[in-house]
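To keep things clear, I will list the structure first and then write my remarks on it.
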Amino acid sequence: MLPASIMAGELAELVARSASRTAEFTVADCARLAALVARCSAADQSVIHAVISFAADAEGRPLVRLQISATLLLECQRCLEPFAWQLDEQAELRVLRTDEEAAEVGEPMDTVLLNEHGLDVAAMVEDEIIAALPLSARHPDNSGCQPGVTVLADDEVVEEAVRPFAGLADMLGQRRPS
Ligand SMILES: [Zn+2]
């Protein structure tokens, strides 16, 4: 289940207690992230584990610390097969109440906005995961994965590598709930 939003009063109380919360949910709960992982139902069911801790900075302003771990299935940009990618991400975000407060933060620092709907913890965790994804996801270089199609200089396609599971991801993808 996605972590619920935290309203201002509750946030102040969590900060005062230096409280921590844990949350566990799946990629399928995160629409933006789900669009970025491999297109198979196993990728959608990958579990994300998050620890959300609350503290105050030197000036007493609220800070949120995130510890996020998950094994995500990403589509390898070389062979187009899913591969497991381990995510271990930590972040510290300063909680700001208004956009004006955001403009006042001089040094570049990660911030999150507390608005009239509270602090959107689920979106905060999802944002951190998306920011941590590799720009070009691919199997490790020594894994021996091959491009599915080799293109010569004259653009003649000469070889399509054998990919026994090539159809599997598409097949699973078709069963994905829309
Ligand atoms: Zn690959």
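Just so it is clear, the structure is predicted and the values come from calculations on it, not from any experiment. Counting starts at 1 for both ligands and their atoms, in listed order.
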Restricting to pairs with a member in residues 129-147, which pass salt bridge (Lys or Arg N to Asp or Glu O under 4.0 Å), not counting sequence neighbours?
Arg78-Asp141
Got a sec, which pairs hit ring pair (Phe, Tyr, Trp, His ring centres under 6.0 Å) with one end in residues 6-65, sequence neighbours left out?
none
Quick one: pull up CD1 in Ile52 and CG in Leu14 and give me the separation to the nearest 0.5 Å.
10.0 Å
Considering the options Glu89, Gln90, Glu128, which one meets the side chain to side chain contact (heavy atoms under 4.5 Å, CB included) requirement together with Gln67?
Gln90
Step-by-step side-chain contact (heavy atoms from CB on, under 4.5 Å) determination, Trp85 to Val37:
CA-CA 10 Å; Trp85 182 75; Val37 298; over 6 Å; no
For the Zn ion (ligand 1), what is the number of protein N, O or S atoms at a distance under 2.8 Å?
4
Salt bridge (Lys or Arg N to Asp or Glu O under 4.0 Å) contacts touching residues 28-38 (sequence neighbours left out)
Arg32-Glu126, Arg32-Asp127
